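Here the structure is laid out as structure tokens; the discussion comes afterwards.
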Amino acid sequence: MAESTYVVMPNNPIAVIGSQYCAPNQVDLVISRKVKTLRYGEFVVSDMNGNLMFKVRGGQAFAWHDKRVILDAAGNPMVNLKQKILSEHSRWNVFRGENTDDKDFLFTVKTTSIFQWKTKLAVFLANNNSKEKDCDFLIKGSWSDKSCAIYAGDSSTIVAQMHKKITAKSLLIGKDNFMVTVYPNVDQAFIVSLIVILDAINAPVAAAAAAGAAIGTGISC
């Protein structure tokens, strides 16, 4: 992936879930998948020093409605991510807290085409009035290489980037976990929610494998 360029004004932070999750400096996050559970899509999110920042509560494997809940470090629900079934495109809607009322709707994420060889997801915020013609954010890249970038609209401005960054610490992370660089004044909780949805859309086979392994070892929730 080309060298990242970003322009995020200090007095105009990108705060979708909350401005308290924006930092004035660049932050590298480690999103670590939890194993040995029937709930696929569970993660813990920490900084590079190992400080816990967020937790992700996953959904039951093979459930009719797939759902994730992102919690803060204290375990308080911040947002819930809900898959929309019977949709032409893969689509997830995100709501504040654990509610699904219209007043708590924050944004929706969907694939830009029914069949995709490369990852391309469009993000539309609740106040977007373009009837999904103009996205607020765009996720593009290669999921298999764990190399995806999140752009501000359909532009070249990158606000966060998932990547394979080889450092002494990253070697200890493991192949099934993600490193994400969140650029200054960008909502880290928002970026985590996008990566969790990205994982859910791209890894249904992994979900089945995880559930089968858990059942085979007699592990329960």
Side-chain angles (χ1 to χ4, degrees), residues 1-8 14-17 29 31 33 40-41 43 56 58-59 63-70 79-96 100 102 104-164 176 178-183 186-208:
M1 185 170 290
E3 186 71 20
S4 304
T5 58
Y6 60 93
V7 180
V8 180
I14 296 176
V16 177
I17 295 176
L29 302 178
I31 304 179
R33 191 187 304 278
Y40 183 77
F43 300 91
V56 182
W64 183 241
H65 288 281
D66 205 355
K67 184 178 180 180
R68 309 282 189 272
V69 179
I70 297 183
V79 293
N80 73 89
L81 327 172
K82 188 175 182 181
Q83 182 185 30
K84 185 175 181 180
I85 61 173
L86 304 178
S87 175
E88 186 178 66
H89 297 263
S90 295
R91 180 189 290 268
W92 286 69
N93 293 327
V94 180
F95 301 84
R96 193 172 298 283
T100 56
D102 288 345
D104 295 305
F105 174 67
L106 292 175
F107 61 91
T108 189
V109 180
K110 72 170 190 175
T111 54
T112 58
S113 60
I114 299 175
F115 301 104
Q116 292 195 334
W117 297 107
K118 289 285 188 178
T119 296
K120 192 172 183 181
L121 307 179
V123 183
F124 301 91
L125 300 181
N127 60 0
N128 187 313
N129 296 316
S130 71
K131 297 183 178 179
E132 298 193 351
K133 292 181 180 179
D134 301 312
C135 65
D136 296 287
F137 299 91
L138 195 62
I139 307 171
K140 294 190 293 185
S142 171
W143 172 254
S144 60
D145 292 334
K146 298 296 184 289
S147 180
C148 295
I150 300 171
Y151 297 83
D154 191 7
S155 72
S156 61
T157 301
I158 296 176
V159 298
Q161 191 165 9
M162 181 172 68
H163 53 87
K164 288 182 177 179
D176 293 327
F178 318 127
M179 290 189 65
V180 182
T181 297
V182 183
Y183 292 127
V186 177
D187 188 332
Q188 297 161 24
F190 170 60
I191 297 302
V192 168
S193 70
L194 296 183
I195 299 300
V196 170
I197 291 172
L198 186 61
D199 173 71
I201 289 176
N202 282 280
V205 175

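Note that the coordinates shown come from a computational prediction; the quantities given were computed from them, not determined experimentally.
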- Message: List the residues meeting side chain to side chain donor-acceptor pair (under 3.5 Å) with Asn93, not counting sequence neighbours, and say none if there are none.
- Response: Thr108

- Report the distance from atom NZ of Lys84 to atom CH2 of Trp92, rounding to the nearest 0.5 Å. 14.0 Å

- Is the side chain of Thr111 donor-acceptor paired with the backbone N or O of Ser90 at a distance under 3.5 Å, no angle test? yes

- Query: Of all residues at least two apart in sequence or in a different chain, which pass the ring pair (Phe, Tyr, Trp, His ring centres under 6.0 Å) check with Phe107?
  - Reply: Phe190

- Contact summary for Cys148 and Ile139, nearest pair of heavy atoms: CB-CG2, 4.4 Å

- Message: As an exercise, state the distance from OG1 of Thr119 to NZ of Lys140, rounded to the nearest 0.5 Å.
- Response: 12.0 Å

- Message: Working to the nearest 0.5 angstrom, can you tell me the gap between Gln188 CD and Tyr183 OH?
- Response: 13.5 Å

- Measure across Ala160 and Val182 and return the closest heavy-atom pair with its distance rounded to 0.1 Å. CB-CA, 4.2 Å

- Heavy-atom side-chain proximity of Asp199 to Arg33 below 4.5 angstrom: yes

- Could you give the distance from CG (Asp187) to CD1 (Ile14), rounded to the nearest 0.5 Å? 9.0 Å

- Message: Looking at every non-hydrogen atom in both residues, tell me the closest pair between Arg68 and Gly58 and how far apart they are.
- Response: CD-CA, 3.8 Å

- Message: Are Ile197 and Val94 packed together at the side-chain level, in the sense that at least one heavy-atom pair is separated by less than 4.5 angstrom?
- Response: yes

- Check step by step if side-chain contact (heavy atoms from CB on, under 4.5 Å) holds for Val192 and Val196. CA-CA 6 Å; Val192 168; Val196 170; 4.2 Å; yes

- Query: Just wondering, do Phe178 and Leu29 contact through their side chains at under 4.5 Å, heavy atoms?
  - Reply: no

- Task: Return the minimal non-hydrogen interatomic distance between Ala122 and Leu138, and the atom names on each side.
- Result: CA-CD1, 4.0 Å

- Query: Distance from Arg96 atom CZ to Ile17 atom CD1, nearest 0.5 Å?
  - Reply: 7.5 Å

- Item | Phe124 versus Lys133, closest heavy-atom pair with distance | CE2-N, 4.2 Å

- What's the spacing between Lys67 NZ and Leu81 CG if we round to 0.5 Å? 9.5 Å

- Task: Can you sort out the partners of Phe95 under ring pair (Phe, Tyr, Trp, His ring centres under 6.0 Å), two or more places apart, ordered by chain and number?
- Result: Phe105

- Message: According to side chain to side chain donor-acceptor pair (under 3.5 Å), who are the partners of Asn128, at least two apart in sequence or on a separate chain?
- Response: Ser130, Asp136

- What pair of heavy atoms forms the shortest contact from Ile70 to Ala189, and how long is it? CD1-O, 4.4 Å

- Query: Does the side chain of Leu194 reach to within under 4.5 Å of the side chain of Leu198, using non-hydrogen atoms?
  - Reply: no

- Query: Is the side chain of Asp66 donor-acceptor paired with the backbone N or O of Gln83 at a distance under 3.5 Å, no angle test?
  - Reply: no

